[in-house]
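Everything on this sheet refers to the single structure shown next.
In what follows, every chain begins at residue 1, and chains take the letters A, B, ... in the order their sequences are listed.
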Amino acid sequence: MSFVFYAIAGLTLAGALAAVLLKNTVHCALALTVAFAGLALLFLELDAQFAGFAQILVYIGAVAVLVVFAILLTRGSETPKDGVYSRNWLAGLVIAAGVFAVLGWAVLGSARSLPHETAAPTVTVLQIGNALMSRYVLPLEIVALLLTAALIGAVIVAMHEKEGQK
Amino acid sequence: MIETADQIFVLLKHWLVGFLPAGWQPVAGVALSVVAIIAFFPALFALTVWIERKGLGRMQNRIGPNRVGPLGILQPVADAIKSLTKEDIVPLSADAAVHFLAPLLLVAAVFMGFAVLPMGRNMTLVNMDAGLLFYFAMGASTELAVFMAGWSSRNKYSLLGAMRAVAQMISYEVPLLMSSVAVVMMTGSLSLTKIVAAQNHYTWGLPHWYIFTPWGFAGFVMYAIATTAETNRSPFDLPEGESELVAGYHTEYSGFKFALFFLGEYLAMFSISGLGATLFLGGWSAPFSFLGWVPSWIWFFSKLMLSIFVFIWMRGTLPRLRQDQLMNFAWKFVLPLTLLNLLVAALWRFLGEGWERWVVCLAILLLAYAFMGREGMRRGHLGPRRYRYAE
Amino acid sequence: MTPLAGYLLVAALLFSIGLAGALTRRNAILVLIGIELMLNAANLNLIAFWRYGPHPEALTGMMFAIFSIAVAAAEAAVGLGLVIQIHRHAHTTDLDQMNRMKG
Amino acid sequence: MQETISFTPQLTASPITGILWLIPAVPMVASGVIALLKQPKRRTASTLAIGSLSFSLLLSLIAFGHVVRDWTLGIATRETVNFTWIQVGAANVDLGWVLDPLSAVMMVMVALVGLLIFIYSIEYMKHDENFTRFFCFMSLFAGAMLGVAIANSMLLLFMCWELVGLTSYLLIGFWYQKPAAAAAAKKAFLTTRIGDVFFLLGIVWLFAQTGTLLFYNGGAGSLEAGALGGLLAQPAAWGLTAAGAIGLLIFAGAAGKSGQLPLHVWLPDAMEGPTPVSALIHAATMVAAGVYLIARVYPLMQAGALAGGTTTALTVVTWVGASTAVFAALIAVAQNDIKRILAYSTISQLGYMMAGLGMGGVAVGMFHLITHAFFKALLFLGAGSVIHGCHEEQDIRRMGGLKADMPLTFATYGIGMLALCGFPLLFSGFWSKDGILEAAMHWSVAKTPLYMLVFGALLTAFYMTRQVGYVFFGFNRGSKDAHESPEVMTVPLVVLAFFAMALGLIGTPAWPWFRGFLDGRAVGFDWHGFIEPGLLALMATSTVVVFVGIGLAWRLYGDQSPKPTEPDVLEAAAPLPWGWLRDRLYVDELYGVTVIVFYGWWARVAEWLDRRVWGGAVSGVAWAFGLWAQLNRFLDNNWVDGGFDKSCDELASGGGLLARVQTGRVQTYLRLLALAVVALALMLIWSSRA
């Protein structure tokens, strides 16, 4: 387990924690971007170049900006009056801890049987292109359709109603 | 001789790296290239600032800076010293951390872009398989930096400027990508070196640059428009919009941070035009076969400076677009045309050699341009201004 | 501990952090952020298993991750659109107040 | 004796037989139509009734003519039309009608007498508001009677027989407001019903034995040789053959209907009905139906009789007939009501007919039946006009001296009386009664019936003269003076009077046309008929008897016309026997004491049985169910309710619990979701641990 992995993992987890714990919503959004960047680096660490760059392009490029826009549009940037966490936050925390315990236990339990070091697969964009066009052409079309629908849906949902129609 | 001239920098690097122990050499090589880029491009920035101010002056029939040094050549040095020595004022209500981080993130992101540009024959810092994708990924993070700048200074004008900038950059990022996708489709690879290699052969002395193909030329035009918008330059420099928004998102910045923003902007210009050169103008390939002897990096930088000149030229001549016109133009003209361009590129590829593909592609593009331009834009006639206030 | 286990652990931790965020935060957008984190944790898992899995050349893991990234983006867009619309009507993004769908 | 030429049954049914069924059908349809008419529609009702009956009369005359023509050609016609009414499994119920001399004669007599009485009753019933209903019942009765006459199937005969019984009930009880009339109707109906039960038994037995209901069916009928042979072979109880036993059962039915000794009680009470009813039903036709029935099934009764001999069935008939004749005649002497006297006289004359059938065969009985029908109808109608004249007065002691006031009635009534008594030579009664006496004389079994019949004849002459004396001679003891009836009533009287005299001619020994006609023998006119041995002596004795009766009665009752209150002459002489006779020999009281008491006792037993045994069982079952219901309620209350309802409540509250989970807050759902994931993961890990 190389030092780089620990650094990047630390960065991502720190970003994630900040995103969850910070008071100011915009700071949370920025922390989220850090977490996304960390993840992209993890992807690159796992030799998934295309996924990494896609992650950066999609998440940092689009989703982060979207989140920030949403925060500004819903006046989230002012710190909320009655506390940041919901009333019974402890229950949430406990449940999250429980989930992590189970997942952790599952991972550690099966750690021995997981495959060890394997050769880094060299994946060229050409291969990905071919795979997309041959084996995954149906998912590709469906995702295309989904994205268009989401595009139109999001626009309609967030569209400003016409005057007079409150 | 020509070879050494062409590969002068590569040889230099290898020569310098040779002094280090073997283990360190690859890392040192990379570090050396990075240092070279970081050194050269800010210098070029200084030069461009001077060119721009002298050029604009000449265009507006005035002399431009000539006090500092002969012909004002030292004017950028003076500016640099001025920005360094100016007091760095941070507004009290500003969000200190984000305020400080914004310019850094911007400059870092733009510098990252240079890593994949093939400045000369085998003079690419990192010859990445998905080079173009990496470049656009880095490009995408600049918007966030702009937003951070605008929001953190807690100033209505800066926030408004930031919002306009982000909206504009997002709107034009899509056409930027789409036009470059056409090139990728034709070369079949995302790596920039392969793209240059694909353009680097000649028939009857004329190079196979993509710009000389119908879809290439349309792609280049769309690309040029998108780049000017991406870098908030000239007709699209609404965010700065000196007349209304003071200095846009970097109003609250002063001193060195302001200089950084300025540097970031020019670096973005260099890298985006460098990419344009690689994609459409054949990167470091010579314009004519018989000029092959000239070192490759000279061609790259000359094409780069050519587009910079065009930027400056546009800044001096074209009026500023209004925000809704700008958005309309992006989503209703540029994007459809780039998509059409993709179709035309596909047609071009499968129609095979021969004059028919020229006629067909040209016909489609011209027709679309005429029809789209005439019909699309008319709808946007200048109706009465409708003000809508934020809720 | 094998690298894969490491990545899985990081993903699990990331997932639970996202879940904690989703469960405890009051602001709707932050819940969405928590969900984004959970989705990314899942992507990390996918890529990790692809990288250390038996047939990396089959590209299944990565493809899955790429598609999931696309879908997550769509989901984020629609989610935030909804939140904005709720804000416009209910003038709040506070989840505790949005209980009109009470059983 | 007479030789009988072989019957050559007429196989193919002539056209007249084809439409023979119209004769009973038309009056019945007429009665149906009249029934639908409204009460004030009197004229339509009467015209309809009379029209339908005259049509039947016309048809029956044609049929009669047809039979006579065949008879003259030497063919004894017996044309039958049979059809299957119901197909019940293998056995099929057949109906049919027959045209033979017996039915022809009967048809004509019933139709003619009926018509005359209808015409008479127009005037008689004029003041009665139920005029239409009267004519409806009368035409129904006529139709039914004609049905009995032509029936060839035992079942059809029985159905018409019951219809006749019904109409007699309706007509006797016509003035149902009078309790006496209603009681009399009920009594008539019940007594005849007893007879009919035996009759039905006979029919069923006959059908069981012979397998067919039809009398004549081209050889397969029950009265034809084949069936009779089978019946003879069957021994029945008390030494009777099956044929004899069935015959006696049928005779019981006939006795009920014709008012023979044990079942005669209803006939005198039946006088409560209007006089035309009495005339038509209780003089001429219905009561004669019993005699006609025996005549119809005569082959059955006579089956097994040796040449000239007789069967036990016929001897029983004879004895019953003779005893009834004397018994009724005795009672008639002591009666004071004009119609009751005639009623008892009818019973005794019926006794004569039965005796005639028993000893002399079909022709003898039937001849007396025909002649009696006419003069008894005449007497009843005469009595009717007398009552009408005396303003509904029926007690002869309050009449008297009507000779002058109602000369025509007196004359016709006189002719009727003389015919009934059997005044020699001129009147039909003499010839028919003489025939019976002659048969009695030749009767091989015993001579007593002859003496009884002669004594009966004496009594008949006596009470008839007494009656005439009281009614027509002396001075009028009634409150108001009488008046002669209008022509509508007197014309039928005259016609009947003519027949009362004329009919005798067709049965004289010199020219026994009637006997020949019935037996299907050729008949010539020769005076030698009279020189039969003992015949002249017989005629002489009966003449003497008649004159003695009349003279004795005239001397006692002649013109004295005693005051109503003072006792009768004979009563004064012999008060005790006179009392018995006046009280009808206490037969009613006898029944009252025996049958009624028995029924009363049996009713009480049945009532006890019903309440105690059956009622107990039912209440027991009810009690058991009550118990069962309580058990159910107990179970339902705490076992079902407790269990089921409680569990439903639990479910509902459980539902409530779950509903609380739906807080509407998104995060709660997320938390539940996460918990579920944890649980699932745990389960998966735990299960895969092995």
Side-chain angles (χ1 to χ4, degrees), chain A residues 1 5 9 12-13 16-17 19-20 25 28 32 35-36 39 42-43 46-48 50-51 54-55 58 62-63 66-67 70-71 73-74 76 80 83-87 89 92-93 95-96 99-100 103-104 107 111 114-116 118 121 123 127-128 131 136 139 143 146-147 150 153-154 157-158, chain C residues 1-10 12-21 23-27 29-30 32-34 36-37 40 43-44 47-48 50-54 56-57 59 62-63 65-67 69-71 73-78 80-85 87 93-96:
Chain A
M1 293 304 289
F5 163 73
T12 339
L13 294 177
L17 269 174
V20 162
T25 353
C28 289
L32 182 68
F36 286 155
L39 265 164
L42 276 174
F43 285 166
L46 284 165
D47 299 310
F50 188 82
Q55 163 88 359
V58 169
V63 172
L66 196 65
V67 167
I71 293 171
L73 278 175
T74 55
V84 165
Y85 296 104
S86 71
R87 271 201 318 283
W89 56 274
L93 215 60
I95 292 174
V99 165
F100 176 66
L103 293 179
V107 165
L114 289 177
H116 289 284
T118 51
V123 177
Q127 278 176 312
I128 295 176
Y136 298 100
V143 163
L146 178 85
L147 287 177
V157 163
Chain C
M1 194 173 65
T2 59
L4 180 58
Y7 280 103
L8 294 186
L9 214 60
V10 166
L13 191 57
L14 198 64
F15 182 86
S16 29
I17 291 169
L19 184 64
L23 291 185
T24 49
R25 289 303 289 234
R26 187 186 288 275
N27 188 333
I29 295 177
L30 281 161
L32 278 176
I33 287 175
E36 284 304 323
L37 279 176
N40 279 327
N43 286 347
L44 179 61
I47 302 277
W50 165 73
R51 167 68 175 73
Y52 291 102
E57 72 285 354
L59 291 179
M62 189 141 103
M63 278 300 148
I66 291 165
F67 282 127
I69 288 170
V71 167
E75 172 265 334
V78 171
L80 290 169
L82 284 174
V83 167
I84 291 167
Q85 196 67 329
H87 173 76
T93 53
D94 177 351
L95 276 178
D96 288 348

Where do [X] and [Y] come nearest, in terms of heavy atoms and distance?
X	Y	answer
A:A35	C:L37	CB-CD2, 4.1 Å
C:A77	A:L66	CA-CD2, 3.3 Å
A:A9	C:V10	CB-CG2, 3.9 Å

Pick one of side chain, backbone, both or neither for [X], based on which atoms fall under 4.5 Å of a heavy atom in chain C.
X	answer
A:L32	side chain
A:V67	both
A:A62	neither
A:L39	side chain

Which of A:A96, A:A131, A:G153 touches chain C most, by non-hydrogen pairs under 4.5 Å
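Of A:A96, A:A131, A:G153, A:A96 has the most heavy-atom pairs under 4.5 Å with chain C.
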Closest-packed option against chain C by number of heavy-atom pairs under 4.5 Å, given A:I128, A:I95, A:V99
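Between A:I128, A:I95, A:V99, the count favours A:I128.
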Tell me, out of [options], who's got the most heavy-atom pairs with chain A below 4.5 Å.
options	result
C:L59, C:N40, C:L14	C:N40
C:G53, C:G18, C:G81, C:P54	C:G81
C:V71, C:L44, C:L30, C:V78	C:L44
C:I47, C:V83, C:L82, C:I66	C:I47

Pairing residues for A:V107 by the side-chain contact (heavy atoms from CB on, under 4.5 Å) criterion, not counting sequence neighbours
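By the side-chain contact (heavy atoms from CB on, under 4.5 Å) rule, A:V107 matches C:A5, C:L8, C:L9.
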Partners passing side-chain contact (heavy atoms from CB on, under 4.5 Å) against A:A54 (at least two apart in sequence or in another chain):
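Partners of A:A54 by the side-chain contact (heavy atoms from CB on, under 4.5 Å) criterion come out as none, since no residue qualifies.
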Decide side chain to side chain contact (heavy atoms under 4.5 Å, CB included) for C:E36 and A:F36; before the verdict, give the C-alpha distance in whole Å, the side-chain angles of both, and the deciding distance to 0.1 Å.
CA-CA 9 Å; C:E36 284 304 323; A:F36 286 155; 4.2 Å; yes
Would you mind checking which part of [X] comes under 4.5 Å of any heavy atom in chain A, side chain (CB onward), backbone (N, CA, C, O), both or neither?
X	answer
C:A65	neither
C:F15	side chain
C:I69	both
C:L13	both

One pair to check against side chain to side chain contact (heavy atoms under 4.5 Å, CB included): C:I17 and A:F100. What are the steps and the verdict?
CA-CA 9 Å; C:I17 291 169; A:F100 176 66; over 6 Å; no
Taking the side chain as everything from C-beta on, heavy atoms only, tell me whether A:L93 gets closer than 4.5 Å to C:L23.
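Not touching, per the 4.5 Å side-chain cut-off.
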Could you go through the side chain to side chain contact (heavy atoms under 4.5 Å, CB included) check for C:H87 and A:L73 one step at a time?
CA-CA 9 Å; C:H87 173 76; A:L73 278 175; over 6 Å; no
